Every structure is written in structure tokens, then in C-alpha cells.
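None of these values were measured; they are calculated from a predicted model.
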Amino acid sequence: MKTLLLNKENVGRLIRMNEVIGTVEEAYKAFNSGQVNQPPYTCIHLPPPRGEIDFKLGYCEANEMISMKASSGGFPNNLAEHGVPSGMGTILLFDARTCALVCVMDGSLITGLRTGAAGAVSVKVLARQNARKITSIGTGNQARMQIRAIREVMKIEEIHAWDHHPENLARYKADIEHEFGIPVVMARSMQAAVEQADILITTTRGKGALVQAAWIQPGTHIVAMGTDTYGKQELEPEIFRNAKIVNDSIAQCIEKGETWHPLNQNIITQDNIHAEIGEILLGQKPGRETDQEITIFDSTGMAIQDNTTAARIYRNAIASHTGTTFEFIP
């Protein structure tokens with residue numbers, strides 16, 4: 001048998017953002033339909049100034065694929081000292097019928113794509129229908145990917161952005177306005193940015209409560225993407241007290257997500273978590289019910305998102321004869 005090899009350029013040509021949004025919806029629905037085997041993911045923290053590397057495994061009955069992803073991030077000296085990016089990823093796909101390795105693909109772009117798509121899926125079911133203004137706390141690659149995805153599901157009229165580093169903020173404004181033609185307001189403070197939000201996106205590597213509860217306006221939808229392992233935090237836990245809380249995976253979010261912090265401080269109990277997003281997509285639980293409620297989507301990232309997205313890319317590659325093959329098993 002032959003194993004397909006896809007590099008980052010291949011992956012980028014093989015799937016579009018609207019397709020990724022579909023694969024992420026597919027993943028969430030499969031997860032809440034009992035069609036997924038997804039063990040807890042493992043994270044290894046390296047000594048500073050290095051970051052961490054995550055390992056995520058998943059099996060999906062619907063596509064009969066097993067995926068294994070290694071994804072690293074937070075290595076600021078990589079480019080200067082080693083000539084490689086600060087974050088990298090690799091995905092292995094196995095045919096679940098035989099457990100033969102059918103594909104090795106670059107996973108760095110997939111991680112960004114499916115994380116952006118997750119935010120867009122949450123906007124579809126949890127944001128107000130008249131939401132038009134987005135606030136972005138953080139201006140890195142994932143902040144940009146969120147805009148790429150969310151613009152597929154709603155009209156964005158204005159973005160208010162804030163970053164610790166003014167030069168990063170100015171670069172974000174120039175890039176977003178050039179790529180999408182959406183005006184970006186560089187906020188004078190984090191509070192000023194948050195108070196403008198119909199949809200608030202947080203994508204930092206925060207270590208404390210950056211966003212304060214007093215800044216959140218009624219009707220805001222919060223897309224909390226930065227906290228995916230113990231020790232990270234972006235939101236003041238008090239925000240959760242009267243909000244509709246939706247997780248991608250409750251099991252993950254109560255241990256490694258933003259939801260851990262209000263649970264740890266007894267501001268909420270697990271019974272206060274409204275739903276996993278797959279339950280809403282399947283019609284088992286409601287999404288947004290009023291224009292005044294504050295909604296939070298806490299996403300730690302799930303192996304099944306990588307699985308369904310990588311499987312679609314693999315199918316597209318086979319159909320278009322993209323990539324190179326090698327004989328891993330004679």
C-alpha cells in the first residue's frame with residue numbers, strides 16, 4: 001500500500017474556509033451523537049522560553065478514520081535560532097478498518113483553520129442576528145483566522161482591536177483592512193474595545209483575567225479561544241455567573257479551558273454549563289434565546305475537528321491527484 005504525503009502548500013490548496021466550517025460542524029455533531037472515540041489529550045510543557053506541544057487522538061465512525069496530531073506553540077526563538085516557525089503541526093491519518101497509515105500531512109494550517117471555523121460555528125448559533133461589530137483581544141495568526149471564518153457566516157461592519165504591543169496592532173489593522181476591506185479601530189484600551197463588542201474574540205496566551213466582567217455589554221457573544229491548557233486565562237471568572245455557557249467538550253473545558261476558573265472559584269457549578277455545541281447543532285438544546293443574554297463559547301480544541309478536516313483534505317487530495325506517495329508498508 002502507499003501512504004500520501006501532503007505539505008503545507010498542498011493542504012492550503014485542498015480546502016477552503018467554508019468547507020472547514022462544514023467539517024467542524026460535522027465533528028461536533030458526531031461527538032454528540034456517540035460516533036467519536038476521543039481520549040483526553042496530552043500536553044508537554046517545555047522549560048522557558050519554550051512553549052508546549054499537544055498530542056490529540058480521535059476516531060470517527062462516520063469516516064472510519066483515526067487521526068493523531070502533534071501541535072506545538074510558543075517557541076519565540078525558533079525562527080532566529082533554528083530557522084523553523086514558533087508553532088508547528090503534523091497529522092497522521094490511519095484507515096480505521098486496517099489501522100494502516102494512509103496520509104501524513106502538515107497540521108499547522110489545519111489547526112488554525114479548524115479553530116477559526118469553530119468560532120464561526122459558535123457565531124451561527126449563539127450570536128445575535130443583528131451582530132455587526134467584532135472586538136479582537138489579540139492580533140496574532142488565530143485572531144486573523146477568526147475573522148476569515150466569521151466573515152463567512154455574518155457581515156462584519158467594523159472591528160475594534162487591542163494588543164499589548166502597538167506595532168502588532170498597527171500591523172493587524174493594515175493587514176485586515178487590505179485583505180477584507182473591513183475597517184479596524186485601534187482601541188485606546190482593552191476596556192474601550194470590549195465595550196464595543198457584539199462579538200468578543202479572545203486569542204491571547206493570557207495568564208490572568210484580562211477581560212473584566214464590568215466591560216461586557218448585554219447581548220455580547222464571547223468566543224474564548226486562548227485558554228486550552230492549565231495555567232492559561234483570559235476572562236474574569238465573574239463573567240460566567242449570569243452567562244449562557246457552551247463548551248466544545250465539557251470534559252476538556254472543566255479541566256483545561258476557561259470554564260475551569262469560575263468552577264474553581266465556586267462562581268458556577270458544572271450544572272450551570274448550558275450545553276456542548278454539538279447538542280445545539282443537533283437541536284437537542286437551544287442556542288441563543290434572547291438578544292440580551294451573554295453567551296460564552298469556551299473552546300479547547302478537539303481531536304475530532306482535526307479528524308474530520310484532515311479526512312476531507314485527504315479525500316480532496318485523492319480526487320485531485322495532489323501530493324506525493326511513498327511505500328511505508330512494502
Note to self: Please tell me whether E258 and T227 have a donor and an acceptor in their side chains that are separated by less than 3.5 angstrom.
What the structure shows: yes
Next item on the list: Check the side chains of D306 and S67 for a donor-acceptor pair under 3.5 angstrom, ignoring hydrogens and angles.
Entry: no
Next item on the list: State, without any angle test, whether E279 and N32 hold a side-chain donor-acceptor pair at a distance under 3.5 Å.
Entry: no
Next item on the list: Identify whether NZ of Lys or CZ of Arg in K256 sits under 6.0 Å from the centre of the six-membered ring of Y41 and within 45° of that ring's axis.
Entry: yes
Check: Side chains of T309 and R114: is there a donor and an acceptor less than 3.5 Å apart?
Finding: no
Check: In terms of side-chain heavy atoms, does T42 have a donor or acceptor partner in K56 at a distance below 3.5 Å?
Finding: no
Notebook entry, point to check: Only one of N247, T259, D248, D54 clears side chain to side chain donor-acceptor pair (under 3.5 Å) with T300; which?
Noted result: D248
Check: Is the shortest distance from a Lys or Arg side-chain nitrogen in E289 or K244 to a carboxylate oxygen in the other one below 4.0 Å?
Finding: yes
Check: Taking all non-hydrogen atoms of both residues, which atom of L57 and which atom of M68 are closest, and how far apart?
Finding: CD2-CG, 3.2 Å
Notebook entry, point to check: Within a reach of under 6.0 Å around NE2 of H82, are more than 12 heavy atoms found that belong to other residues, nucleotides or ligands?
Noted result: yes
Note to self: Test side-chain hydrogen bond (donor to acceptor under 3.5 Å, both in side chains) on N168 and R171; report intermediate values, then the result.
What the structure shows: CA-CA 5 Å; N168 292 346; R171 192 178 305 116; 3.1 Å; yes
Item checked: Salt bridge K133-D198, side-chain N to carboxylate O under 4.0 Å -> no
Margin query: Going by side chain to side chain contact (heavy atoms under 4.5 Å, CB included), name the residues that satisfy it together with L5, two or more places apart in sequence or in a different chain.
Written below: V104, T324, F326
Notebook entry, point to check: Does R312 come within less than 4.0 Å of E26, counting only side-chain N to carboxylate O?
Noted result: yes
Note to self: If we count only N and O atoms by modelled type, under 3.5 Å, do the side chains of S122 and H221 hold a donor and an acceptor together?
What the structure shows: yes
Note to self: Is it the case that atom CZ in R16 sees more than 12 heavy atoms from other parts of the structure closer than 6.0 Å?
What the structure shows: no
Next item on the list: Can you measure from OG (S72) to CE (M88) and round to the nearest 0.5 angstrom?
Entry: 4.5 Å
Item checked: Min side-chain heavy-atom separation T295-I222 under 4.5 Å -> no
Next item on the list: Please lay out, stage by stage, how M190 and L210 fare under the test side-chain contact (heavy atoms from CB on, under 4.5 Å).
Entry: CA-CA 8 Å; M190 191 188 308; L210 300 177; 3.9 Å; yes
Next item on the list: Kindly say whether T3 contributes a backbone atom to a donor-acceptor pair with the side chain of E327 at under 3.5 angstrom?
Entry: no
Margin query: Could you tell me if T135 and Q196 have a donor-acceptor pair between their side chains, going purely by distance under 3.5 Å?
Written below: no
Next item on the list: Have a look at L6 and tell me which of L93, I313, N316 forms a side-chain contact (heavy atoms from CB on, under 4.5 Å) with it.
Entry: I313
Check: Any Lys/Arg nitrogen of K124 or E25 sitting under 4.0 Å from an Asp/Glu carboxylate oxygen of the other?
Finding: yes
Check: Can you check whether E61 reaches V36 side chain to side chain, under 4.5 Å on heavy atoms?
Finding: no
Margin query: Checking F94 against V102 for the side-chain contact (heavy atoms from CB on, under 4.5 Å) test, could you report, in this order, the C-alpha distance in whole Å, the side-chain angles of both residues, the deciding distance, and whether it holds?
Written below: CA-CA 5 Å; F94 302 85; V102 295; 6.0 Å; no
